[in-house]
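Down below is the structure, laid out as structure tokens.
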Protein chains: 2
Amino acid sequence: MASRKNAELRKPEILKNFYETIVEQGIEGASIGRIAKRMNIHPSLIMHYFSTKENMIIELVDYIINKYWLLLKNIQVGHADPHARLHELMDVLWGDEWYRATDISADFSVIAISFHNSEVSKRLKHLYSGFKRYLSDEFKSFMDAGIISVQDPVHTAEIIMSMLEGYRHFNNFFVDNARAEQYRQDMKRSALTLLQHGLDDHA
Amino acid sequence: MASRKNAELRKPEILKNFYETIVEQGIEGASIGRIAKRMNIHPSLIMHYFSTKENMIIELVDYIINKYWLLLKNIQVGHADPHARLHELMDVLWGDEWYRATDISADFSVIAISFHNSEVSKRLKHLYSGFKRYLSDEFKSFMDAGIISVQDPVHTAEIIMSMLEGYRHFNNFFVDNARAEQYRQDMKRSALTLLQHGLDDHA
DNA sequence: GTCCTTATTAACTGAATGTTCAATTTAAAT
DNA sequence: ATTTAAATTGAACATTCAGTTAATAAGGAC
């Protein structure tokens, strides 16, 4: 019999294995039976804790999203000097810790699920809107300090988030490990260029 | 019995229904049985044409990717004048036809599959590299004409593609239909700003 | 050591999974 | 009208699916 653990330990352990199974086999390969086999426990034990697979998916999404919230809360960019603060923020956003916080393969699976699961969709929207609020607040303060020249902090946040997501996306397809660092720098500098030159009028 | 059609008609029809089932139920809900039911045909007929589900997935990916190739080949930006040509290209990339060419929900499913299916991954990489080549060739000609100021056309293509992908991604989460057009314009203008200001040195 | 909660397994279900192979229908060619 | 090839169905296959219910095992409180 598997070593006895309490719910507080076992549930996250199951979620972690669910997560890893999705990374390795996709959502279509992440059945309860396979997760149980990978953990050397009985499938019924998983049902005991989550009742339905739908529940387990929701809790998995919460588990992943929580990783992002922790990232956000731990940014706490140190510098008070706006210029240094701006650069530190950019370093964090395009940094390694941020990129590796979650497995991009699982991220895509979750996003794919969100298109036909409204609970998942709701949670993703909430996460994104929190991220957007955080960024736009920062950009607002940079505007006030006069070190970036953009017109609308919210629109700016959307643009930077889009670039960040595009970066995550393509890092898997372009790279050519030797080019990874180059690509990262290109994206980061492009973001800074945009922040400092604003949106010109190309009418 | 379902009306008799030949392979040339039936196979694409099956792929189309596979595609739509993925959009509605995700890859995990797109079983052969469900696809057959939706088409009012017998599941065996699907096996007859594709032999295995794995084959069917590969052919679906080819089917989707072909839509993108058609887009690329039909761009054929008309203007010879470089300045008009640049703007027309940007209009196409951020245009409605481009955005709606495939269902983003299916795109995400395919990308998610690519992480644990090397055949799918290979095909996506090939598509992206073709797109990158097309864009970098265009950017090279704009550089020669002196209407954009970037240093490397390939890096530039990667950046623009990342922005485009980020745009596709977030259009589903930000919008607020009233803002959709605004967001699109913001992204397009940002891309133009980058092309014209290049990557500044923020050392 | 007994009680009591809870973790874990055992045994099972009915439905759905992808797949196989033979039988049947259809339409075109001769 | 007969032949022929292809399209379509039918019935079965072992396996896996998520889920149910009851039994067992383990550990903490007293």
Side-chain angles (χ1 to χ4, degrees), chain A residues 1-61 63 109-110 112-113 116-117 119-120, chain B residues 1-61 63 109-110 112-113 116-117 119-120:
Chain A
M1 193 182 300
S3 70
R4 187 187 172 96
K5 305 177 180 177
N6 60 19
E8 200 180 352
L9 292 176
R10 192 59 101 183
K11 284 190 69 174
E13 187 193 356
I14 294 174
L15 289 178
K16 177 166 172 285
N17 279 272
F18 186 20
Y19 184 85
E20 291 168 357
T21 306
I22 288 180
V23 168
E24 290 165 14
Q25 326 223 38
I27 182 66
E28 72 276 26
S31 68
I32 291 173
R34 279 220 259 265
I35 299 166
K37 192 166 289 180
R38 151 188 268 266
M39 298 178 69
N40 289 317
I41 61 172
H42 202 278
S44 306
L45 187 55
I46 296 179
M47 296 309 297
H48 170 65
Y49 282 117
F50 296 96
S51 303
T52 68
K53 194 174 189 188
E54 167 72 11
N55 282 344
M56 190 166 55
I57 289 175
I58 300 298
E59 296 208 31
L60 176 75
V61 172
Y63 166 88
S109 289
V110 167
I113 293 169
H116 55 92
N117 183 317
E119 277 301 314
V120 174
Chain B
M1 196 184 295
S3 70
R4 186 189 173 96
K5 305 178 181 177
N6 60 18
E8 199 179 353
L9 291 177
R10 191 60 101 183
K11 282 191 70 175
E13 187 193 357
I14 294 174
L15 289 178
K16 177 166 173 285
N17 278 271
F18 186 20
Y19 183 86
E20 291 168 356
T21 307
I22 288 180
V23 168
E24 289 166 14
Q25 326 222 36
I27 181 66
E28 72 275 26
S31 68
I32 291 174
R34 278 220 260 267
I35 299 165
K37 191 166 289 179
R38 150 189 267 265
M39 297 178 69
N40 289 316
I41 62 173
H42 201 276
S44 309
L45 187 54
I46 295 180
M47 296 309 296
H48 170 65
Y49 283 118
F50 296 96
S51 304
T52 68
K53 194 175 187 186
E54 168 73 11
N55 282 344
M56 190 167 53
I57 289 175
I58 299 298
E59 296 208 31
L60 176 76
V61 172
Y63 167 87
S109 289
V110 167
I113 292 170
H116 55 92
N117 183 318
E119 277 302 314
V120 174

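Below, read A as the first sequence line, B as the second, and so on, with proteins coming before strands; counting in each chain starts at 1.
Side-chain N/O atoms of His48(A) include one lying less than 4.0 angstrom from OP1 or OP2 on dA7(C). Proximity of Tyr49(A) to the phosphate of dT6(C): no side-chain N or O atom is located under 4.0 Å from OP1 or OP2.
The interatomic distance linking Phe50(B) (CZ) with dT20(C) (P) rounds to 15 Å, in whole Å. One atom, CD of Glu8(A), and another, P of dA7(C), lie 11 Å apart when rounded to the nearest Å. Between the C1' atom of dA16(C) and the NZ atom of Lys53(A) lies a distance of 13 Å, rounded to the nearest Å. Atom CD1 in Ile46(B) sits roughly 13 Å away from atom C1' in dT17(C) (whole-Å rounding). Rounded to a whole Å, the CD1 atom of Ile14(B) is 11 Å from the C1' atom of dT8(D). Rounded to whole Å, atom P of dT16(D) lies 16 Å from atom CD of Glu28(A). Protein atom CG of Asn6(A) is 17 Å distant from nucleotide atom C1' of dC4(C), rounded to whole Å. With rounding to whole Å, Met56(A) atom CE is found 11 Å from dC17(D) atom P.
Ser44(B) contributes a side-chain N or O that forms a donor-acceptor pair with the base of dG10(D) under 3.5 Å.
Nucleic acid contact class of Ser31(A) (heavy atoms, under 4.0 Å, all strands): sugar-phosphate only. Nucleic acid contact for Leu45(A): base, since at least one base atom lies under 4.0 Å from a heavy atom of the residue.
Ile14(B) is listed as a side-chain neighbour of Met56(B), based on a closest heavy-atom distance under 4.5 Å.
Comparing Met47(B) and Arg4(B), the nucleotide of DNA chain C nearest to each residue sits closer to the 5' end for Met47(B).
The main-chain N or O of Leu9(A) is found under 3.5 Å from a side-chain atom of Asn6(A) such that the two form a donor-acceptor pair.
Ranking dT8(D), dT8(C), dT9(C) by closeness to the Ile41(A) side chain, first place goes to dT9(C). You'll find that the side chain of Ile32(B) is closest to dG18(C), out of dG18(C), dT9(D), dT8(C).
A distance of 4.5 Å separates CD1 in Ile57(B) from CD1 in Ile27(B), rounded to the nearest 0.5 Å. To the nearest 0.5 angstrom, Asn55(A) atom CG is 12.5 Å from Leu60(A) atom CG.
Using a cutoff of 4.0 Å between basic side-chain nitrogens and carboxylate oxygens, Lys16(B) and Glu13(B) are not scored as salt-bridged.
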